[in-house]
Amino acid sequence: MRIAVAGAGYVGLVTAACFAELGNDVTCVDIDEEKISKLNNGVIPIYEPGLDHLVAKNRKSSNLKFTTDLKSAIKESEIIFICVGTPPKETGEADLSHVENVARAIAEAMDSYKVIVEKSTVPVETGNKVAKSIKAYNTHKVDFDVVSNPEFLREGSAVGDFMHPDRIVIGCESEKAKEIMKKLYEPLNAPILFTDIKSAEIIKHASNSFLATKISFINAIANICELAGADVEKVAEGMGLDKRIGKSFLNAGIGYGGFCFPKDAEAFIKIAEKLGYDFRLLKATQEINNFQKKNFVRKVEKALWIVKNKTIGILGLAFKPNTDDMRFAPSVDIISELQKEGAKIKAYDPEAAEKAKHILNGIEYCKDAYEAAKGADALVILTEWEEFKNLDLNKIKSLMRHPLIIDGRNIYNPEEPKSLGFSYISIGRSDA
Ligand code: UDX
């Protein structure tokens, strides 16, 4: 099938590369000339495992092209995916101006039937607004259908998530478009749920908000465990064995971050408010998430007594492992707070240092975990990268000024660092 993907961000790039890999003829379009020129020279602007390989392979076989020419891409395609950004406005609502720009461009350029697929995360009713906008600017008066097909990709495993999804949600109100979408996704052999457009839009918001709430729930439990002297890891295990609850997304820590959960929760609260519902549960989810970061800073303060002029080695900056994404990373708030109190920060992240340099100033960036530990009064773990789980802790101890680990992701069994002579503080466990 001939597909155009508008937007070469996370969602757009992964969508374009994966549909090309499935044998489609895909053109990925972006207005950012520099980005497109990089992509045409084989440079992937984001770190996403497996994506570079897919892009290279499919560019070579000509299944995947990159261009800034949206008009030609629209004319040549049967299906057009809208994957442009919907950044938060100051009010917390999603800014839909990029979506509207693409919708108008599609309306003005299309000269034959098109399926227009909304994949960006948008408020409920955007699908209908896109349809209205296209109808209003439909220069050649051609038939079209608008479909909502929310994405559930996780950064760091986006290619795997695309190729092996738990489910595909398609909000669609036309039989013709339904058949086309079915054919497009058939090779993935995954369950497809067809709904109306508004329900598909809400499924995306509800899923992300539910997962964010699950994280805040276990973080609240972690705080109770600390007060009661219990172990949140065991509590989560015990809860997770109940199939109705499930064990995933019950990892207590320093709170969720990234470009999806914080922004989507905020947007969903606004959407509900506009519709006339006060979504207090989701507001509490946000509150707990903010508290979790502040509470972690308090832990560091308590352990160091005086933060001023102390050297803190930070392990991990990205909002989660296997990504270089720093957007809304809890590390940003935590490090800024410690800097305000006069701490000297040395940090190491396997992938995110370059992006962190644009956000966090006054940090000494290190080449590995050992360099970050050298001369440190405390080692603070903020992202659970696999390599941190296998560090030579004896070596770390010999390099540090004071053997103190404050682990925001519970990556160690407390017995291990303690037996080596570390003071070890973590989340929701008796050592906390
Ligand atoms: C999320 C959704 O999972 C995905 O379906 C959606 O399409 C986009 O948003 P992503 O933001 O890539 O994906 O990351 P995810 O793996 O879900 O983690 C989000 C945040 O929650 C991270 O900061 C992570 O550290 C935190 N988290 C996750 C926890 O603190 N505890 C957990 O148990 C799980």
Side-chain angles (χ1 to χ4, degrees), residues 9-15 46-49 51 83 85-86 119-122 149-162 164-169 200-201 203-223 232-233 235-237 239-240 245-268 285-286 288-293 295-296 316-334 349 351-352 381-386 388 407-411 426-428:
Y10 262 105
V11 178
L13 267 182
V14 174
T15 302
I46 51 169
Y47 171 77
E48 186 60 43
L51 187 61
C83 298
T86 53
K119 217 174 186 22
S120 306
T121 299
V122 292
N149 171 215
E151 57 83 17
F152 303 103
L153 308 176
R154 287 165 303 169
E155 289 182 21
S157 52
V159 172
D161 286 350
F162 189 98
H164 309 283
D166 288 342
R167 80 305 206 182
I168 292 154
V169 174
E201 290 167 338
I203 287 171
K204 167 72 191 187
H205 280 294
S207 300
N208 271 3
S209 302
F210 187 82
L211 291 171
T213 303
K214 208 172 171 191
I215 298 168
S216 278
F217 188 89
I218 200 65
N219 282 334
I221 297 296
N223 294 325
V232 73
E233 296 293 321
V235 174
E237 196 182 334
M239 288 169 66
I245 298 173
K247 65 177 170 32
S248 54
F249 278 73
L250 283 182
N251 297 318
I254 49 174
Y256 59 78
F259 200 53
C260 287
F261 285 172
K263 135 179 122 66
D264 289 359
E266 184 67 27
F268 203 20
T285 294
Q286 282 185 321
I288 293 169
N289 201 54
N290 290 333
F291 175 82
Q292 208 60 13
K293 289 180 271 187
N295 199 39
F296 187 72
L317 296 164
F319 82 98
K320 66 172 196 176
N322 298 323
T323 177
D324 62 350
D325 201 341
M326 284 297 297
R327 291 175 299 178
F328 298 96
S331 65
V332 175
D333 291 339
I334 292 168
D349 187 285
E351 294 293 339
I381 299 167
L382 297 184
T383 317
E384 68 277 32
W385 285 92
E386 204 52 37
F388 300 156
D407 180 357
R409 300 289 189 172
N410 288 1
I411 67 170
S426 58
I427 306 280

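Start at 1 and go down the list; that is how both ligands and their atoms are numbered. For this chain, numbers begin at 1 and follow the sequence in order. Worth saying up front: this structure is predicted, and the values here are computed from it rather than measured.
- The side chain to side chain contact (heavy atoms under 4.5 Å, CB included) check on A329 picks up F319, M326, S331, V332, with sequence neighbours excluded.
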Between the protein and ligand 1, are there any N or O atom pairs that come within less than 3.5 Å of each other, and if so, what are their names and distances?
| unit_1 | atom_1 | unit_2 | atom_2 | d |
| --- | --- | --- | --- | --- |
| ligand 1 | 5 (O) | F152 | O | 2.9 |
| ligand 1 | 7 (O) | E151 | OE1 | 3.4 |
| ligand 1 | 7 (O) | L153 | N | 3.2 |
| ligand 1 | 7 (O) | L153 | O | 2.8 |
| ligand 1 | 7 (O) | K204 | NZ | 3.2 |
| ligand 1 | 12 (O) | E155 | N | 2.6 |
| ligand 1 | 12 (O) | K320 | NZ | 3.1 |
| ligand 1 | 14 (O) | K320 | NZ | 3.0 |
| ligand 1 | 16 (O) | K320 | NZ | 2.9 |
| ligand 1 | 23 (O) | G257 | N | 2.9 |
| ligand 1 | 23 (O) | F319 | O | 3.0 |
| ligand 1 | 25 (O) | F319 | O | 3.4 |
| ligand 1 | 25 (O) | R409 | NH1 | 3.0 |
| ligand 1 | 31 (N) | N251 | O | 3.0 |
| ligand 1 | 33 (O) | L250 | N | 3.4 |
| ligand 1 | 33 (O) | N251 | N | 2.9 |

Extract all donor-acceptor atom pairs below 3.5 Å that involve side chains of residues 255-268 and protein atoms in other chains or at least two apart in sequence.
| unit_1 | atom_1 | unit_2 | atom_2 | d |
| --- | --- | --- | --- | --- |
| D264 | OD2 | N208 | ND2 | 2.7 |
| E266 | OE1 | Q286 | NE2 | 2.7 |

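- A donor-acceptor contact closer than 3.5 angstrom is absent between the side chains of S120 and T86.
- Annotation: the span from R409 atom CZ to S426 atom OG amounts to 13.5 Å, rounded to 0.5 Å.
- Once rounded to the nearest 0.5 Å, the distance linking CD of E237 with CG of L250 reads 11.0 Å.
- Shown here are the ring pair (Phe, Tyr, Trp, His ring centres under 6.0 Å) partners of F162, two or more places apart in sequence or in another chain: F19.
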